[in-house]
Amino acid sequence: MAFDEKKANRVRRFIECLKHTKGEFHGKPFKLLPWQDKIISDVFGTVRDDDPTMRQYTTAYIEIPKKQGKSELGAAIALNMLVNDDEWKAEVYSCASDRQQAAIVFDVACDMVRQSSALSKRIKIVPSTKRMVYMPTGSIYQVLSSEVATKHGLNVSACIFDELHTQPTRALYDVMTQGSGDARKQPLWFFLTTAGTDRTSICWEVHQKALDILEGRKKDERFYPVIYGLAESEDWHKEENWYKANPSLGYTITIDKVRDAFHKALETPADENMFRQLRLNQWTAQSVRWMPMDKWDECGGNVSEYELEGRACYGGLDLSSTSDLTTLVLVFPPLDESEPYIILPFFWLPDETLSLRVRRDHVMYDVWEKQGFLKTTEGNVVHYGFIEKFIVELGERFNIREIGYDRWNASMMVQALEEDGFTMVPFGQGFRDMSAPTKELMRLVLEHRINHGGHPVLRWNMDNAFVRTDPAGNIKIDKEKSTEKVDGAVAMVMALDRAMKNQNGGSVYDTRGLLVLG
């Protein structure tokens, strides 16, 4: 391989004529950090031995933690490929798992264009279609996402692929890399991603290739790999190790921010997972056991149903299947700052399947039933009519303001309860609805601001709970990965959400924003 300093300098100079777009750096010249400068120099300055006019690398895979300036670098490279690569009618694309994610790099590029009088005169931006046109050469820069049905036949000059680890399948990757740049002189695929969790994904496949090349197990002269991250064998608790994974630490992110995330990571396995994945770029498990049960057990004071009669509360209803565990959890908001949230759970199983389930699942349903912590309904399926009647009776004792419910298999019960006068609120089971109250529940437990009365069935459910994390750091209880029943935990999260959003006549999030742990 040979190196052409003039080619590298041409791209460096172009990028450093651009301006930053975010926070305190907005409007300041884009001064390449050392790690960015090396990547730009290597990718654009390394040329082929057999043809020095051609770049050596067609693919660059950059894996790095969040908050290192990935989006700004991706936008700068996209603009370089649009206007500074001597390609007539170039086609440059930003790709990601969805249109919103893909637009992040594009929107940064738009801001860079608007801050440059020279580029503003030559580039037409079409915000509605997430497209820009470099008029002197008829080149375009366009946003794409994982809906790939119409994307075959592209003539790719450059593809900036953001957060490859979030791709649900390999479909978009295949469309963008398999033959799409054959008609171009020197196309470039530039991957910028954080480590993921799914070791069956296309990102893991490319990650492994990059690692094999870096460690000498494989050779691909067209593939340029960079991985900033902490090895599994290295101690993630040591602050000096954080700098290995975060080359922009002290520039785009302060050490205090990383320390804050670290301290949260020490509190729960879920926050540890997020810290190690997003801050240290380690490939972690997709789901982790969530609740530290020693902290949960510290919140088990005495709960008196009689003292709660007449008080306002909010419910969460998880009907599950007709032969499975059905759960209602009531959450009583505190009357003053000194009082915790009080949890009152109810569980039902079909009477005729109780002994079978004890033998099959090795769970103490029979003991809990005798102790009054679990109720049974007649027959071999859960009798929804019986549960409806029970909830009506609860409504006569407690002031049940709302009941959140999982939409799945709930229509008949919901209609019956609405006819009984209850306010029923549908509750999605995805990250959007579940994340905030799930994080809030953890905060309340860690601050001893919850009292669950030591209910053994609810404790069992909490101990079973695993959480899944999305790329944005949102979490939800993962029913698929949780080894046993988690219905009580899910119902409690729904009830807590309704309580928090109705506290003092409005949402607690209206006054303090969402609480983010990790």
Side-chain angles (χ1 to χ4, degrees), residues 43 54-55 57-63 70-71 73-75 77-82 85 87-110 126 128-134 137-210 212-213 218 220-226 470-471:
V43 171
M54 301 281 284
R55 285 191 294 268
Y57 300 111
T58 58
T59 299
Y61 177 81
I62 317 300
E63 190 179 289
K70 290 199 302 292
S71 299
L73 182 61
I77 291 169
L79 289 175
N80 176 78
M81 300 304 291
L82 180 69
D85 202 48
E87 186 79 14
W88 185 260
K89 290 191 178 295
E91 294 181 24
V92 181
Y93 296 99
S94 280
C95 296
S97 59
D98 57 53
R99 189 173 176 82
Q100 184 176 2
Q101 178 70 40
I104 291 174
V105 171
F106 177 84
D107 290 342
V108 172
C110 289
V126 187
S128 60
T129 57
K130 298 296 182 184
R131 183 183 183 96
M132 64 174 69
V133 181
Y134 181 57
T137 62
S139 299
I140 62 103
Y141 173 28
Q142 177 74 56
V143 169
L144 298 179
S145 59
S146 58
E147 296 79 22
V148 298
T150 62
K151 299 179 179 63
H152 293 277
L154 299 175
N155 190 6
V156 176
S157 306
C159 176
I160 314 302
F161 218 122
D162 193 27
E163 299 296 14
L164 182 62
H165 78 279
T166 64
Q167 283 296 307
T169 69
R170 62 177 300 135
L172 183 59
Y173 173 87
D174 287 341
V175 165
M176 298 308 295
T177 60
Q178 300 299 320
S180 62
D182 287 354
R184 296 295 180 179
K185 181 181 177 183
Q186 47 181 0
L188 178 65
W189 288 269
F190 208 95
F191 297 91
L192 286 160
T193 188
T194 303
T197 59
D198 184 359
R199 300 196 181 206
T200 64
S201 66
I202 180 58
C203 189
W204 175 254
E205 182 181 316
V206 182
H207 162 87
Q208 284 296 100
K209 177 179 180 178
D212 286 342
I213 293 172
K218 288 184 179 178
D220 184 340
E221 293 182 346
R222 300 287 182 262
F223 190 99
Y224 179 77
V226 173
D470 76 358

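Atoms considered below: every heavy atom in the structure, side chains included; atoms not considered: hydrogens, waters and symmetry mates. Because the structure is a prediction, the values reported are computed rather than measured.
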Quiz item: Is there a donor-acceptor contact under 3.5 Å from the side chain of W189 to the main chain of F161?
Solution: no

Quiz item: Which residues pass the side-chain contact (heavy atoms from CB on, under 4.5 Å) test with E205, sequence neighbours left out?
Solution: R170, I202

Quiz item: Hey, are the side chains of R184 and N155 touching, using non-hydrogen atoms and a 4.5 Å cut-off?
Solution: yes

Practice problem: Might you point out which heavy atoms bring G74 and V105 nearest each other, and give the distance in Å? | Solution: C-CG1, 3.7 Å

Quiz item: For Y224, which residues count as a ring pair (Phe, Tyr, Trp, His ring centres under 6.0 Å) partner, sequence neighbours excluded?
Solution: Y57

Quiz item: Got a sec, which residues hit side-chain hydrogen bond (donor to acceptor under 3.5 Å, both in side chains) with T59, two or more places apart in sequence or on another chain?
Solution: none

Exercise. Mind checking the CD1-OG1 spacing from I62 to T194? Nearest 0.5 Å is all I need.
Key: 12.5 Å

Quiz prompt | Point-to-point distance, once rounded to the nearest 0.5 Å, from OH of Y134 to CD of E87 | solution = 13.5 Å

Quiz item: Which residues pass the side-chain contact (heavy atoms from CB on, under 4.5 Å) test with K218, sequence neighbours left out?
Solution: D212, I213

Quiz item: Sequence neighbours excluded, which residues qualify as ring pair (Phe, Tyr, Trp, His ring centres under 6.0 Å) partners of F106?
Solution: Y141

Quiz prompt | Minimum heavy-atom distance between A102 and S94, given as atom pair plus value | solution = O-CB, 3.6 Å

Practice problem: Working to the nearest 0.5 Å, report the span between CG of L172 and OG1 of T177. | Solution: 9.0 Å

Quiz prompt | Shortest non-hydrogen separation from S128 to R99 and the atoms involved | solution = O-NH2, 4.0 Å

Quiz item: Which pair of heavy atoms, one from V43 and one from L188, lies closest together, and at what distance?
Solution: CG1-CD1, 4.1 Å

Exercise. Inspect the surroundings of CD in Q100 and state if more than 12 heavy atoms from other residues, nucleotides or ligands are less than 6.0 Å away.
Key: no

Quiz item: Does a side-chain heavy-atom distance below 4.5 Å link E63 with H165?
Solution: no

Practice problem: Quick one: list whatever passes salt bridge (charged side-chain N to carboxylate O under 4.0 Å, His left out) with E163, sequence neighbours left out. | Solution: K70

Practice problem: Applying side-chain contact (heavy atoms from CB on, under 4.5 Å), name anything that partners I104, two or more places apart in sequence or on another chain. | Solution: S71, Q101

Practice problem: Would you name the heavy atoms of V206 and L164 that are closest together and state the gap between them? | Solution: CG2-CD2, 4.1 Å

Quiz item: By side-chain contact (heavy atoms from CB on, under 4.5 Å), which residues pair with A210, not counting sequence neighbours?
Solution: Y61, F223, P225, I227

Quiz item: Can Q167 and Y173 be said to form a side chain to side chain contact (heavy atoms under 4.5 Å, CB included), step by step?
Solution: CA-CA 8 Å; Q167 283 296 307; Y173 173 87; 5.7 Å; no

Self-check item: Partner residues of T169 under the side-chain hydrogen bond (donor to acceptor under 3.5 Å, both in side chains) criterion, sequence neighbours left out
Solution: none

Practice problem: Report the residues that fulfil ring pair (Phe, Tyr, Trp, His ring centres under 6.0 Å) with F190, sequence neighbours left out, ordered by chain and then residue number. | Solution: none

Quiz prompt | For S201, side-chain hydrogen bond (donor to acceptor under 3.5 Å, both in side chains) partners two or more places apart | solution = none

Self-check item: salt bridge (charged side-chain N to carboxylate O under 4.0 Å, His left out) against D85, all qualifying residues, sequence neighbours excluded
Solution: R55

Exercise. Using modelled atom types only, decide if a donor and an acceptor are shared between the side chain of E91 and the backbone of A158 within a distance under 3.5 Å.
Key: no

Quiz item: Where do I77 and I160 come nearest, in terms of heavy atoms and distance?
Solution: CG2-CD1, 3.8 Å

Exercise. Side-chain contact test, heavy atoms from C-beta onward, threshold under 4.5 Å: evaluate it for K130 versus L144 and give yes or no.
Key: no

Practice problem: Indicate yes or no for a side-chain donor-acceptor contact from Q142 to the backbone of T129 under 3.5 Å, with no hydrogens or angles considered. | Solution: yes

Quiz item: Can you tell me how far the OG atom of S157 sits from the CE atom of M81, to the nearest 0.5 Å?
Solution: 7.0 Å

